[in-house]
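Below is one structure, written out as structure tokens; comments come after it.
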Amino acid sequence: MTVITRFAPSPTGFLHIGGARTALFNWLYARHHGGQFLLRIEDTDRQRSTDAAIDAIFDGLDWLGLHADQKPVFQFDRRVRHAEVAHQLLAEGKAYRCWCTQDELVAMREKARAEKKPIRYDGTWRDRDPSEAPAGLDPVVRIKMPQTGETVIEDAVQGRVVVQNAELDDMVLLRADGTPTYMLSVVVDDHDMGVTHVIRGDDHLNNAFRQAQVFLAMGWDLPVFAHIPLIHGPDGAKLSKRHGALGVDAYRDMGCLPEAVRNYLLRLGWAHGDDEIISTEQAIQWFDLDAVGRSPARFDMDKLTALNAHYLRLRDDGELVDLIAPRLDAMGLAVDAAAQARLRQGMAGLKQRARKLDDLAESAAFYVASRPIPMDEKAAKLLDVDAFQRLRVYRDRLRADAPPFEEAALEAHARSVAESLGVGFGKLAQPLRAALTGRGVSPGLFEVMAVLGKAEVEGRLADVLG
RNA sequence: GGCCCCGUCGUCUAGCGGUUAGGACGCCGGCCUUUCAAGCCGGAGGUCGCGGGUUCGAAUCCCGUCGGGGCUACCA
């Protein structure tokens with residue numbers, strides 16, 4: 001049997017981080033088993049579904065590298081088939097029409113609440129004769145749930161979960177306007193798409209019981225269910241916009257790498273012993289449902305950032321230049337060919353010190369800035385009167401000795417200057433760093449000088465020394 | 001209210017009857033050193049939610065309890 005999984009978001013907002021993890025798990029499971037990963041857009045709520053959200057979901061999945069194996073299915077397009085199934089159930093006596101009004105239903109719920117009884121549809125029209133139906137009112141179609149016995153879900157993550165059928169009420173399959181509800185649509189689509197494993201958020205666990213009854217009523221095989229725990233915010237509640245829980249696009253914008261996000265999300269609820277850094281290839285090899293935890297996890301930006309720093313160092317220098325170029329551009333620093341060459345050459349030292357693309361761009365700015373370069377506060381403080389003295393001497397010696405403009409030679413030369421000056425090396429190096437980078441921190445000084453080149457170094461020194 | 005799920009350092013987690021309860025992030029200190037990172041070394045941090053049991057022995061099994069979360073729509 002070929003494994004078929006699916007990710008089925010409703011396009012009512014961006015692809016949030018919890019959805020991204022669900023998609024990742026589905027994708028990994030399919031890849032691990034050599035199966036297929038499908039995408040279905042659950043857009044049956046016409047009020048809340050938007051094209052912008054659909055695009056955001058596609059973009060997010062694309063960025064994360066979670067590509068579906070077939071064209072996405074749009075659930076709304078399949079509404080005729082969904083209704084067909086409901087009508088079949090109706091014809092077979094497994095569903096019935098219900099003429100209760102919204103007001104009646106609200107009253108029903110309120111009464112139940114007041115009496116502290118379970119809140120569910122009371123089955124008014126289950127046995128009532130349709131001839132008693134009020135005129136001029138469109139009925140909904142409800143499924144006839146079994147009223148005795150129990151429904152068992154052998155969940156691949158949660159284990160065996162049992163609920164008494166008496167707890168299940170006759171849910172709506174078709175709305176009064178004839179459109180299918182989610183409970184109907186998911187089942188029909190999962191069946192028709194041949195989905196073998198339904199991996200989704202824990203918030204659907206209770207729905208699984210209801211949906212199982214629709215599968216049964218149609219005589220269809222149940223897929224394997226796997227309900228993965230939700231991701232919580234720092235306060236322990238389901239992650240939402242309130243927590244600043246953002247769409248994956250926000251993590252991209254703040255400079256995260258997709259491979260870092262994947263690794264982070266993977267470790268949120270899934271483990272393989274003590275392994276932390278797990279490549280996607282390795283994840284495909286290792287991933288399985290039995291190692292998925294059952295308890296919810298809190299989102300931790302610090303850990304994501306640490307992982308991101310790791311993957312940043314692994315990235316190709318040229319790729320990183322391309323990735324930060326637009327950011328530098330946004331900072332008002334145009335990356336021309338010369339700047340690109342410098343960045344490319346200086347990237348090894350730069351990426352070692354960065355955690356995200358935004359601070360990588362920030363720390364790379366001095367390579368791109370045109371003279372005279374801006375000085376930050378720390379640099380300005382470094383350039384006191386004594387520092388000027390030393391820098392003048394250094395500049396003169398640099399001219400006179402003319403060491404080859406490469407790292408080792410430059411360093412040896414600077415050290416000899418400091419020595420003849422009778423000061424610790426730092427007393428010369430720090431002011432020099434300030435003059436050349438406008439910062440108190442930077443990659444190795446002589447690496448910077450080699451990248452900048454003789455003319456630029458002399459120019460920047462002149463800007464400071466006059 | 002009802003039903004369902006969950007509960008190991010601050011956080012993510014390993015653990016599946018016998019471990020000094022391990023790792024990672026974060027935090028602190030050291031080494032390295034031209035700054036900052038990285039790297040390496042070390043440290044603080046957990047009475048395994050709590051209470052009973054079972055057992056020679058329990059984070060691991062059972063029961064209860066408390067806490068958290070989810071669902072309870074003609075939303076998905």
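What you are looking at is a predicted structure, and each value in this text was computed from that prediction instead of being measured. Residue numbers start from 1 in every chain, and the chains themselves are labelled A, B, ... in the order their sequence lines are given, proteins ahead of strands.
- The pairing partner recorded for B:C40 is B:G30, the criterion being a Watson-Crick or G-U wobble arrangement whose two distances lie under 3.5 angstrom.
- Summarising the base pairing, B:A24 is matched to B:U11 through a Watson-Crick or G-U wobble pair whose two defining distances lie under 3.5 Å.
- A:Y264 has its OH atom 11 Å from the C1' atom of B:U13, to the nearest Å.
- Residues A:L382 and A:G440 share a closest heavy-atom pair of CD2-CA, 4.1 Å.
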N/O-N/O pairs, protein side and nucleotides 71-74 of chain B side, under 3.5 Å:
residue : atom : partner : partner atom : Å
B:C71   : OP1  : A:K238  : NZ           : 3.2
B:U72   : O2'  : A:I119  : O            : 2.8
B:C74   : O2   : A:A176  : N            : 3.0
B:C74   : N4   : A:C100  : O            : 3.2

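- For the atom pair CG of A:L357 and CG of A:L323, the computed distance is 5.5 Å after rounding to the nearest 0.5 Å.
- More than 12 non-hydrogen atoms from other residues, nucleotides or ligands lie less than 6.0 angstrom from CD of A:E132.
- Cation-pi geometry between A:R439 and A:F366 is not satisfied (NZ or CZ under 6.0 Å from the ring centre, within 45° of the ring normal).
- Looking at heavy-atom distances under 4.0 Å, A:R298 makes contact with sugar-phosphate atoms alone, never a base.
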Could you go through nucleotides 47-50 of chain B and list every protein N or O atom that sits under 3.5 Å from one of its N or O atoms, giving the distance for each pair?
none

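- The same atom, C1', is picked in B:G15 and in B:U20; the two are 15 Å apart, to the nearest Å.
- Formation of a donor-acceptor pair under 3.5 Å by the A:R355 side chain with backbone atoms of A:T305 is not found in this model.
- Aromatic ring orientation, A:Y182 versus A:H204: tilted (interplanar angle from 30° to 60°).
- Both A:W270 and A:A306 sit near RNA chain B, but only A:W270 has its closest nucleotide nearer the 5' end.
- Between A:F7 atom CZ and B:A76 atom P the separation is 16 Å, expressed in whole Å.
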(request) Going 5' to 3' through nucleotides 5-10 of chain B, assign each nucleotide B (protein heavy atom under 4.0 Å from a base atom), S (under 4.0 Å only from sugar-phosphate atoms) or - (no protein heavy atom that close). (result) SSS---

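- Residue contacts shown for A:T44 are limited to sugar-phosphate atoms, with no base heavy atom under 4.0 Å away.
- Two rings, from A:F287 and A:W270, have their centers less than 6.0 Å apart.
- No more than 12 heavy atoms of other residues, nucleotides or ligands shown are found within 6.0 angstrom of CZ on A:R97.
- Regarding A:Q211, its CD atom lies at a distance of 10 Å from the C1' atom of B:A76, rounded to whole Å.
- Taking the six-membered ring for Trp and thresholds of 30 and 60 degrees, A:Y264 and A:F299 have ring planes more than 60 degrees apart, a perpendicular arrangement.
- Judged by a 6.0 Å distance limit and a 45° cone about the ring axis, A:R126 is not positioned over the six-membered ring of A:Y96.
- Once rounded to the nearest 0.5 Å, the distance linking CZ of A:R79 with OG1 of A:T179 reads 9.5 Å.
- Rounded to whole Å, the P atom of B:G68 lies 23 Å from the corresponding atom of B:C63.
- One interatomic measurement links the two molecules: NZ of A:K116 to P of B:C3, which rounds to 14 Å at whole-angstrom precision.
- For A:F299 and B:G69, the CZ to P distance is 20 Å, given to the nearest whole Å.
- B:A59 and B:U19 are spaced 9 Å apart, taking the P atom of each and rounding to whole Å.
- Identified under the side-chain hydrogen bond (donor to acceptor under 3.5 Å, both in side chains) test for residues 147-157 of chain A, with sequence neighbours left out: A:E150-A:Q164, A:T151-A:N165, A:T151-A:Q213, A:E154-A:R160, A:D155-A:H227.
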(message) At under 4.0 Å between heavy atoms, how does the protein contact nucleotides 32-38 of chain B? Give one character per nucleotide, 5' to 3', with B, S or -.
(response) --BBBBS

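- Using atom P as the reference point in both B:C3 and B:G46, the two lie 37 Å apart (nearest Å).
- Here A:T50 contributes atom OG1 and A:D45 contributes atom CG; the two are 11.0 Å apart, rounded to the nearest 0.5 Å.
- Formation of a donor-acceptor pair under 3.5 Å by the A:E447 side chain with backbone atoms of A:G349 is found in this model.
- Here B:G51 sits opposite B:C63 as a Watson-Crick or G-U wobble pair (both hydrogen-bonding atom distances under 3.5 Å).
- Rounded to whole Å, the C1' atom of B:A14 lies 10 Å from the corresponding atom of B:U8.
- Spacing between atom NZ of A:K111 and atom C1' of B:G2 amounts to 16 Å, rounded to whole angstrom units.
- Between the CG atom in A:L410 and the CE atom in A:M449 there is a gap of 4.0 Å [rounded to 0.5 Å].
- If you take atom P in B:U47 and the same atom in B:G42, they sit 24 Å apart, rounded to whole Å.
- Across all strands shown, B:U35 has no partner, as no Watson-Crick or G-U wobble contact with both distances under 3.5 Å is found.
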Scan nucleotides 20-23 of chain B against the protein and return all N/O pairs shorter than 3.5 Å with their distances rounded to 0.1 Å.
residue : atom : partner : partner atom : Å
B:G22   : N2   : A:D274  : OD1          : 2.6
B:G23   : N2   : A:E276  : OE2          : 2.7

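- For the atom pair A:E259 CD and A:R262 CZ, the distance stands at 6.0 Å (nearest 0.5 Å).
- Nucleotide B:G1 is matched to B:U72 when pairs are restricted to Watson-Crick or G-U wobble geometry with both distances under 3.5 angstrom.
- A straight line from NE2 of A:H82 to P of B:A76 spans 11 Å, rounded to a whole angstrom.
- Taking the centre and axis of the six-membered ring of A:Y311, the NZ or CZ atom of A:R315 falls outside the cone set by 45° and 6.0 Å.
- Following rounding to the nearest Å, A:N263 (CG) and B:C12 (P) show an atom-to-atom distance of 17 Å.
- Rounded to whole Å, the C1' atom of B:G45 lies 14 Å from the corresponding atom of B:A21.
- Annotation: B:C16 and B:U60 have their C1' atoms spaced 6 Å apart (nearest Å).
- A 6.0 Å sphere centred on CG of A:D51 holds no more than 12 heavy atoms belonging to other residues, nucleotides or ligands.
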